[in-house]
Amino acid sequence: MFQTAPISAASQSDVTEQMAARLKTALTTHLEQVYAPDQRKKLRLFSATETAELLGVSGQFLRKCHSDGSLIEPSVNKGGRRSYSGDEIWTMRQALEAGSRSPGKYVPGRRDDDKLQVIQLMNFKGGSAKSTATIHLCHYLALNGYRVLAVDLDPQGSLTGFCGLQTELEFDGPTIYDALRYEDPLPLSDVIVDSYFPGLDLAPARLILSEFETETAVNAGRGAAFFERLSNALAEVEGDYDVVIIDSPPALGFLTLTGLFAATSVLVPMTPSMLDLASTQQFIEMTSAYLGVIEDTGVSMERDFFSFLITRDDPSDIPSQQIVSLMRALFQERIIPSTALRSTAIADASMLKMSIYEVARADMTRSTYDRARNSMDSVGADVAKLVQQAWGRS
């Protein structure tokens, strides 16, 4: 029979401290091996076929542009085949846009009168694949020509890890907490870091962000309302981005609410199960109550869209499909048409803090990869369409 040694009341803190230290050492050792020697992630190369698809052109057109000099040759040729870096794809996209007669064909971001789109992903039910959905949306939009800022409002820093900064390796730079704190906050521009992913920047998080909850309670009634802090910070960098994507903690606390106030749109990821459906109902009810309190202060809060994203969808699971059908009947156009499929490819990539876009097709079973990639592409395209509609374009 499995037994453990009794822990005296006086030694419990010491034992838990030792366990935390062991886990930290193990994580640090693993991450140092994974990200050695510079502990920085690098984006893979993209084939000519992938690049043409991302740019929305044919392979023949791409070759013609290289031949006539309108697009530079890629810096890397593998085995006589062209391979493109993320930076080269970004540069080619700008060049094609400059020569296009249709504005927005290659660079679909904001125009002069378009407002910054701030999309918050939120749900207080753990296991909803919220952070996974967030990073895939960030990567999809960046690969398709949008200037994206990822804001990690979760003290656990999952999105920060996905973006290549490992808080377990003693990342000690400024974080989103430094822009939100009440004493001597930093400009958000001092917090934002470049990611290894062209078109994507990050406002990182680490555990100290949880102090915002305590500080907000202490500072209640003093100065500017707490829920304005993120929106005020974003106003400083508004001109630099097309879309801001916020990953919220799995709780309806002050951090989530300050993100909700800043958001122009909300996306609620949820898995198709009765437990998640019940939890989401409670979440929406509580959100409504909190929004009512904020609106009672005289603040007007409008959303371009408030939608649900079905995650970890398994079309072969009949009970879950019944939940999907129920949700579509209840919320109709508020359900994102595409679903994020349950996929071993996405799960395996997430284990390595990667999105499916960072994995080469040759590194996985092709049918599994294609199924996962098509799923995330479809979700990203649906959200991008909502963004374009918010800007008055179909």
Side-chain angles (χ1 to χ4, degrees), residues 116-142 146 148-163 176 195 197 200-205 209 227 230-231 234 241-272 276 279-280 283-284 286-287 290-291 301 303-313 327 331 334-341 346 350 353 355-357 375-376 378-387 390:
L116 177 69
Q117 288 297 302
V118 183
I119 304 173
Q120 181 176 29
L121 281 84
M122 55 187 287
N123 196 331
F124 67 19
K125 175 69 169 63
S128 62
K130 177 174 55 60
S131 294
T132 301
T134 302
I135 192 61
H136 279 87
L137 183 56
C138 287
H139 284 177
Y140 175 87
L141 292 173
Y146 292 86
V148 182
L149 172 63
V151 176
D152 194 349
L153 281 187
D154 189 344
Q156 297 177 84
S158 297
L159 183 61
T160 299
F162 270 122
C163 289
I176 187 64
S195 79
F197 210 100
L200 176 62
D201 291 343
L202 170 71
L209 179 57
F227 48 80
L230 180 59
S231 58
L234 288 173
Y241 301 100
D242 303 312
V243 183
V244 175
I245 307 292
I246 302 173
D247 187 25
S248 305
L252 199 55
F254 294 126
L255 284 167
T256 299
L257 291 173
T258 192
L260 185 59
F261 182 80
T264 59
S265 300
V266 174
L267 199 55
V268 181
M270 63 165 291
T271 58
D276 280 68
S279 175
T280 300
F283 168 74
I284 296 173
M286 291 178 62
T287 300
Y290 281 120
L291 288 177
M301 299 178 67
R303 298 285 172 266
D304 291 320
F305 61 87
F306 191 116
S307 302
F308 297 89
L309 169 63
I310 297 172
T311 61
R312 294 180 178 169
D313 182 26
M327 288 197 62
F331 298 112
R334 290 192 181 275
I335 300 291
I336 298 295
S338 301
T339 64
L341 297 179
I346 293 174
S350 296
K353 295 189 176 181
S355 77
I356 195 67
Y357 297 106
S375 168
M376 301 317 297
S378 296
V379 169
D382 285 344
V383 175
K385 183 178 180 180
L386 290 173
V387 168

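All residue numbers refer to positions in the sequence shown, counting from 1.
Across all their heavy atoms, L230 and G259 have their closest contact at CD2-CA, 3.8 Å. Across all non-hydrogen atoms, the minimal contact from D152 to L209 is O-CD2, 3.8 Å. Across S265 and Q117, no two heavy atoms sit closer than the pair OG-OE1, 3.9 Å.
Annotation: ring-ring contact (aromatic ring centres under 6.0 Å, His included) contacts of F261 (sequence neighbours excluded): F227. Take D242 and apply the salt bridge (Lys or Arg N to Asp or Glu O under 4.0 Å) test, not counting sequence neighbours, and it matches R147. Under the rule for a side chain to side chain contact (heavy atoms under 4.5 Å, CB included), the partners of A150 that lie at least two apart in sequence or sit in another chain are C138, L159, L200, L202. Remark: F331 engages F308 in a ring-ring contact (aromatic ring centres under 6.0 Å, His included) (not counting sequence neighbours). Evaluation of the side chain to side chain contact (heavy atoms under 4.5 Å, CB included) rule for S378 yields S338 as partners, not counting sequence neighbours. Every residue was checked against the salt bridge (Lys or Arg N to Asp or Glu O under 4.0 Å) condition with D201, not counting sequence neighbours, and none meets it. Every residue meeting the side chain to side chain contact (heavy atoms under 4.5 Å, CB included) condition with T256, not counting sequence neighbours, appears here in chain and number order: Q120, M122, S248, P249, L252. Shown here are the ring-ring contact (aromatic ring centres under 6.0 Å, His included) partners of F283, two or more places apart in sequence or in another chain: F124. The ring-ring contact (aromatic ring centres under 6.0 Å, His included) check on F254 picks up F226, with sequence neighbours excluded. Annotation: side chain to side chain contact (heavy atoms under 4.5 Å, CB included) contacts of T271 (sequence neighbours excluded): S273, D276, T311, R312.
If you run side-chain contact (heavy atoms from CB on, under 4.5 Å) between I245 and each of V118, I135, V148, only V148 comes through.
Aromatic ring pairs are classed by plane angle as parallel below 30°, tilted from 30° to 60° and perpendicular above 60°; the pair F197 and H139 is parallel.
Among pairs with a residue in residues 127-140, those fulfilling salt bridge (Lys or Arg N to Asp or Glu O under 4.0 Å) read K130-D247, at least two apart in sequence or across chains. Every pair tested for salt bridge (Lys or Arg N to Asp or Glu O under 4.0 Å) that includes a residue from residues 248-259 fails, sequence neighbours excluded, so the list is empty.
Looking at N123, its side chain never comes within 3.5 Å of a backbone N or O of V268 through a donor-acceptor pair.
Around the CZ atom of R303, the shell of radius 6.0 Å holds more than 12 heavy atoms that belong to other residues, nucleotides or ligands.
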